Amino acid sequence: EEFEEARTTIRVERVGRAALITLDRPRALNALNLQVMNEVVAATEALDRDPECGCVVITGSAKAFAAGADIKEMRSRDYLDMYLADWFAAWDRLGQLRTPTVAAVAGYALGGCELAMLCDVLLAADTAVFGQPEITLGVIPGIGGSQGLTRAVGKAKAMEMCLTGRTMDAAEAERAGLVSRVVPADELLGEALAVAETVAGMSLPAVMMAKEAVARAFETTLAEGVRFERRLFHAVFATADQKEGMAAFVEKRPPAFRHR
Ligand code: CAA
């Protein structure tokens, strides 16, 4: 445990305008202790402030994206410990980033399912296993699983998973709409980075507005959501990249976005 505390639990790399965060706590199957939470949130917020970063990929190992919250760290806590620390609240900030995020999930995503659902695009390896096993420990999800899963896959599957702890394999997760695509495990990282580099190559303000507009669909009525989208659509005509993107189409050449 001392060894664990002395080292960082993530690796951060830049790949062009994209960034890759790899959870690196192999001895605990990337269980999400407070150190992992603080390091992931700090790293993503720093990347979010960096105009040279246009998309962030979060991945784990071949065996585990993340095996859930750290059970050993939580087992002896009481209600006041959890309440006063506002346990897990920092994870909410991951969902508040303006830069798009891609979860590249291989292996176990148990509780890690919640981390993946805080990301914008979910790609799964054919080895991925998604679940909310908290109920088997006598607790319930605490990083938004009950809300995120219900919105992503609907009530029937969310209820069954949260009440029984049943897991979903990658094929079921794709059918249910939890992930956008399943790819062979050895292609997962390459595909995720390709998606991230594609996103990062688009106009940054347009990407941010598109993300905001899609995210708004989970927060508001259809009429208000469409109004919100329309305002952002009008706003994007204030960017140089709109002029460049449309000029490039007409001139039959690739656009050179300046992210402004
Ligand atoms: N917390 C702490 N340690 C964990 C952990 C977790 N969530 N998951 C795995 N580990 C540790 C194990 O204790 C073990 O450590 P030791 O070598 O010191 O014993 C090590 O990681 C390897 O794990 P296993 O030996 O269990 O590996 P396995 O291949 O046999 O099984 C597994 C893999 C099915 C994922 C199993 O580890 C498992 O069931 N993990 C717990 C999953 C879980 O219940 N997650 C929910 C946590 S609660 C939560 O997430 C609340 C919330 O809403 C966020």
Side-chain angles (χ1 to χ4, degrees), residues 23 29-32 37 40 55-60 62-69 88-89 91-97 100-185 187-188 191-192 195-196 199 210-222 224-226 229:
L23 304 183
L29 300 182
N30 292 331
L32 304 169
M37 176 178 75
V40 169
C55 193
V56 179
V57 175
I58 300 180
T59 197
K63 179 168 181 188
F65 178 69
F88 293 154
W91 282 119
D92 298 345
R93 286 154 50 195
L94 195 59
Q96 301 297 323
L97 300 175
T101 48
V102 177
V105 180
Y108 294 111
L110 308 172
C113 183
E114 298 175 292
L115 170 56
M117 288 190 296
L118 285 171
C119 296
D120 300 313
V121 179
L122 279 72
L123 292 185
D126 48 14
T127 58
V129 177
F130 295 90
Q132 297 293 155
E134 295 82 5
I135 200 74
T136 67
L137 302 165
V139 299
I140 72 169
I143 313 179
S146 65
Q147 306 305 298
L149 201 58
T150 307
R151 281 166 165 76
V153 306
K155 177 182 162 184
K157 278 185 195 287
M159 274 290 187
E160 190 191 356
M161 291 174 70
C162 289
L163 296 181
T164 70
R166 177 175 86 77
T167 56
M168 266 204 271
D169 65 15
E172 184 179 1
E174 185 181 24
R175 280 200 306 279
L178 179 61
V179 303
S180 64
R181 273 188 296 137
V182 179
V183 299
E187 293 169 23
L188 176 69
E191 285 289 331
V195 169
V199 171
K211 168 171 169 162
E212 256 194 285
V214 174
R216 192 68 163 228
F218 291 96
E219 303 285 350
T220 190
T221 63
L222 178 60
E224 283 305 315
V226 170
E229 180 198 81

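Below, all heavy atoms of this structure are taken into account, side chains as well, without hydrogens, waters or symmetry copies. Numbering starts at 1 and runs along the sequence shown. Worth saying up front: this structure is predicted, and the values here are computed from it rather than measured.
Gly111 and Pro133 make their closest contact through N-CD, 4.1 Å (heavy atoms, listed as atom of the first residue, atom of the second, distance). For Ser180 against Val121, the heavy-atom pair with the smallest separation is OG-CG1, 3.8 Å. For the residue pair Gly142 and Phe88, the shortest heavy atom distance occurs at O-CD1, 3.4 Å. Closest approach of Asn30 to Ala66, counting heavy atoms only: O-CB, 3.4 Å. Closest approach of Cys113 and Gly131 over heavy atoms only: CB-O, 3.6 Å. A pairwise comparison of heavy atoms in Val199 and Pro100 identifies CG1-CG, 3.8 Å as the closest pair.
The side-chain contact (heavy atoms from CB on, under 4.5 Å) test with Gln132 is passed by exactly one of Leu149, Leu163, Thr167: Leu149. Only one option out of Val56, Leu118, Leu23 pairs with Val40 in a side-chain contact (heavy atoms from CB on, under 4.5 Å); it is Leu23.
Taking the side chain as every heavy atom from C-beta outward, Val57 and Val195 never approach each other to under 4.5 Å. Using a 4.5 Å heavy-atom cutoff, the side chains of Arg216 and Glu229 are not in contact. Taking the side chain as every heavy atom from C-beta outward, Val179 and Val105 never approach each other to under 4.5 Å. Contact annotation: the side chain of Glu114 approaches that of Glu134 to within less than 4.5 Å [non-hydrogen atoms, C-beta and beyond]. Inter-residue side-chain proximity for Leu115 and Ile143 is flagged as unmet; no heavy-atom pair is nearer than 4.5 Å. Two residues are said to be in side-chain contact when any heavy atoms from C-beta on lie closer than 4.5 Å; Cys119 and Val102 fail this criterion.
Residues passing the side-chain contact (heavy atoms from CB on, under 4.5 Å) test with Ala64 are Leu29, Ser61, Tyr108, sequence neighbours excluded. Legend: residues meeting salt bridge (Lys or Arg N to Asp or Glu O under 4.0 Å) with Arg166, ordered by chain and number and at least two apart, are Glu160, Glu172.
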**OP:** Verify side chain to side chain contact (heavy atoms under 4.5 Å, CB included) between Ile58 and Leu94, making sure each step is shown before the conclusion.
**Re:** CA-CA 11 Å; Ile58 300 180; Leu94 195 59; 4.2 Å; yes
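Among residues at least two apart or in separate chains, there is no side chain to side chain donor-acceptor pair (under 3.5 Å) pair with a member in residues 136-156.
Between the NZ atom of Lys157 and the CE atom of Met168 there is a distance of 6.0 Å, given to the nearest 0.5 Å. For the atom pair CD of Glu174 and CG of Leu123, the computed distance is 10.0 Å after rounding to the nearest 0.5 Å. The CZ atom of Phe65 sits 7.5 Å away from atom CG of Leu122, with the distance rounded to the nearest 0.5 Å.
Sparse packing is recorded around CD1 of Ile140, with 12 or fewer heavy atoms of other residues, nucleotides or ligands lying under 6.0 Å away.
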